[in-house]
Student: 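Please read through the structure below; I'll follow up with questions.
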Amino acid sequence: MKVAAILLLCMALFHQGHSNSCQGRCGYGIDTSYSCQCNTACERYNDCCSDYYTLCKAGDSGATITDAEIKSLSETLFALDTNKASASQLILDPQALVADSQTSSQSDLSSRPLYKFVDENALFSRPTYAALLNLFDNYKRITGQAESFTSQQLTEQETFLKETMLNTELGRELFAFLYTKGVYKSEAEFIEDLKNMWFGLYSRYNGAMDSSGFEHIFAGEIKGGKVSGFHNWIRFYLLEKRGELNYYSHSFNGPWSNYPDVLGLQFHWDGYYKQVGSAVIGCSPEFDLALYSLCYIARPGKYCYLSLGGKQFIIQTYTWDNSSYGNGKKYIGSAYPVSM
C-alpha cells in the first residue's frame, strides 16, 4: 500500500509540474488531468499549452515567424509590387461614406459606379492579371452546387500560381523567405501546397464539394441569401462594369494616398447584399495572393499584423476545420483586410 501511495504521489507531482507544458506530450490525446493540451484539437478549442507552438510545431508555418519579420517582409512585398495600378491607371469615385452602424441598411447612397476608370489595356494584358481573369468564370457562386473542373481549368489554376509566385520578383521573395524559415524545401513543394491550400475543394453546404479558398476570397459566393467572401477589387470592377454589381457606399477608407489602398464596401451583387466587403484596391494579383498566403501560413485563424508604406495593415484569416489535405493541413476558409 505504501508503495502504491508513493507512486500515485509521484505521478501527481509529475503532472502538476508539467501541467502547463507540452514537454513529452506533443500529439497526445486529450487528457483532462492536465490544465492544457498539446494536440491539433487545442488550436480549435483554445486550450493549448503556452509552449505548444514552440515544442510541437517547431518548423511549422507559424512557429518561427515573428511579427517583426512579417512586417518587414510585407514592406518588401509592398515595394516590389511593380504591377500595381498607378493613379492614372485607376480612378475611384467613392462617394458616400457611412458609419459602421449604417452598413446593414441596404441603402444605395452612391448614384455612380465606384470605378470611374480602369486602364484595362495596360493592366489586364500583364501575365498575372490575365491568369487571374481566366479563373473567374470557373465557379458556381451558389453554395451547395458542387464544383468540377476541366483539364483546361486545372491548368489555369496552375498557370495562375506560377505566374504570380514563380514569375514575379514579389512571388519569389515570398518563397525565399518561407524557404529560409524551413516552411518549404523547394519551389515545387511551395506551389503544390498553395494549389491545395487555395484551390482544394471542400463543402460549405449540404456535403457538396462546392467551395475553395480561392472561390470564396477572390470570386465570391452566395450563402444563406447573402454575399459571402468576395475580397478582390478586379472581380468587383468587372461585375460592376457588366451591370451585375451595384455599389452602395463605403464604411472604411485606408490611410494610403496611393495604391494599393483598402476600402470597406457595401454593395448588391445581382440581388444579394454584402454588408462589408473589404478589399485591397489597386494591387496586383500577386500582391493579394502573397499577403493572404503569408498571413495564412504564419498566423492561421488570427490577426496578422503587416506594414505597408509605414502604416499598419491587418489581415484576418480563418482555417477550414471540417476537412484537410496532405498530412492534416487545413484549407483556407477565408482571409480579408480588417477595416477599422
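Scope of the values below: all heavy atoms of this structure, side chains included, with no hydrogens, waters or symmetry mates. What you see is a predicted model; the values in this text were computed from it and never measured.
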Student: Looking at side-chain heavy atoms only, is the closest gap between Ile222 and Trp269 below 4.5 Å?
Tutor: yes

Student: Regarding Arg172 and Glu169, does a basic nitrogen lie under 4.0 Å from an acidic carboxylate oxygen?
Tutor: no

Student: Is it the case that more than 12 heavy atoms not belonging to Lys140 sit under 6.0 Å from its NZ atom?
Tutor: yes

Student: Output, in order, the C-alpha distance, side-chain angles, deciding distance and verdict of side-chain contact (heavy atoms from CB on, under 4.5 Å) for Gln106 and Tyr273.
Tutor: CA-CA 7 Å; Gln106 301 195 34; Tyr273 186 63; 3.4 Å; yes

Student: Answer whether the closest heavy-atom distance between the side chains of Pro337 and Phe313 falls below 4.5 Å.
Tutor: yes

Student: Answer with yes or no whether the hydrophobic clustering places Leu239 together with Tyr115; edges join I, L, V, M, F, W, Y residues whose side-chain heavy atoms lie under 4.5 Å apart.
Tutor: yes

Student: Distance only, no hydrogens: is a donor on one side chain within 3.5 Å (strictly under) of an acceptor on the other, for Glu156 and Asn138?
Tutor: yes

Student: Kindly indicate, with the supporting measurements, whether the criterion side-chain contact (heavy atoms from CB on, under 4.5 Å) is fulfilled by Thr168 and Leu80.
Tutor: CA-CA 9 Å; Thr168 65; Leu80 290 175; over 6 Å; no

Student: Holding to salt bridge (charged side-chain N to carboxylate O under 4.0 Å, His left out), I want the full list of residues that pass it with Glu75, two or more places apart in sequence or in another chain.
Tutor: none

Student: Going by an N to O cut-off under 4.0 Å, is there a salt bridge joining Glu69 and Lys181?
Tutor: yes

Student: So, Glu240 side chain and Pro113 main chain: donor-acceptor pair closer than 3.5 Å or not?
Tutor: no

Student: Does the gap between the ring centers of Phe236 and Phe267 come in under 6.0 Å?
Tutor: yes

Student: Would the Phe175 and Phe190 ring centres measure less than 6.0 Å apart?
Tutor: yes

Student: Check step by step if side-chain contact (heavy atoms from CB on, under 4.5 Å) holds for Ile332 and Thr319.
Tutor: CA-CA 5 Å; Ile332 291 180; Thr319 61; over 6 Å; no

Student: Determine whether Ser249 and Gln95 satisfy the following criterion, side chain to side chain donor-acceptor pair (under 3.5 Å), listing intermediate values before the conclusion.
Tutor: CA-CA 7 Å; Ser249 59; Gln95 302 167 78; over 6 Å; no

Student: Indicate, with yes or no, if Tyr292 and Leu135 share a hydrophobic cluster defined by side-chain heavy-atom contacts under 4.5 Å among Ile, Leu, Val, Met, Phe, Trp and Tyr.
Tutor: yes

Student: Check whether Ile142 and Leu201 end up in the same hydrophobic cluster, where Ile, Leu, Val, Met, Phe, Trp and Tyr are linked by side-chain heavy atoms less than 4.5 Å apart.
Tutor: yes

Student: What is the minimum heavy-atom distance between Arg299 and Thr317, and which atoms define it?
Tutor: O-OG1, 3.0 Å

Student: Anything under 30° is parallel, anything over 60° is perpendicular, the rest tilted; go ahead and classify Phe149 against Tyr139.
Tutor: perpendicular

Student: Should Tyr247 and Leu265 count as side-chain neighbours, where that means a heavy-atom distance under 4.5 Å?
Tutor: yes

Student: Would you call Asp210 and Arg204 a salt bridge, using N to O less than 4.0 angstrom?
Tutor: no

Student: Residues two or more places apart in sequence or in another chain: which of them pass ring-ring contact (aromatic ring centres under 6.0 Å, His included) with Phe160?
Tutor: Phe214

Student: Do Phe117 and Asp93 have side chains that approach each other closer than 4.5 Å (heavy atoms only, starting at C-beta)?
Tutor: no

Student: Side chains of Ser212 and Glu147: donor-acceptor distance under 3.5 Å anywhere?
Tutor: no

Student: Check the surroundings of atom NZ in Lys311: do more than 12 heavy atoms from other residues, nucleotides or ligands lie under 6.0 Å from it?
Tutor: yes

Student: Considering residues at least two apart in sequence or located in another chain, which fulfil the ring-ring contact (aromatic ring centres under 6.0 Å, His included) criterion with Tyr325?
Tutor: Tyr331

Student: May I ask you to check whether Ser35 and Asn20 show a side-chain donor-acceptor distance below 3.5 Å?
Tutor: yes

Student: Examine the side chains of Thr128 and Glu286 and answer whether a donor and an acceptor come within less than 3.5 Å of each other.
Tutor: yes

Student: Kindly confirm or rule out a cation-pi arrangement of Arg235 over Phe136, judged by NZ or CZ under 6.0 Å from the six-membered ring centre and within 45° of its axis?
Tutor: yes

Student: Testing Phe230, Trp198, Phe199 one by one against Phe218 for a ring pair (Phe, Tyr, Trp, His ring centres under 6.0 Å), which residue passes?
Tutor: Trp198

Student: With the threshold set at 4.0 Å, does a side-chain nitrogen-carboxylate oxygen contact exist between Glu120 and Lys241?
Tutor: yes

Student: Check Cys295 against Cys304 for me: are their SG atoms closer than 2.5 Å?
Tutor: yes

Student: Determine, for cysteines Cys36 and Cys49, whether their SG atoms are under 2.5 angstrom apart.
Tutor: yes

Student: Hey, are the side chains of Phe287 and Leu308 touching, using non-hydrogen atoms and a 4.5 Å cut-off?
Tutor: yes

Student: Looking at Lys223 and Glu221, does any basic side-chain N land under 4.0 Å from a carboxylate oxygen?
Tutor: no

Student: I'd like to know whether CZ of Phe124 has more than 12 heavy-atom contacts from other residues, nucleotides or ligands below 6.0 angstrom.
Tutor: yes

Student: Is the closest side-chain heavy-atom distance between Asp119 and Leu90 below 4.5 Å?
Tutor: no

Student: Is the shortest side-chain heavy-atom distance between Asp270 and Leu245 below 4.5 Å?
Tutor: no

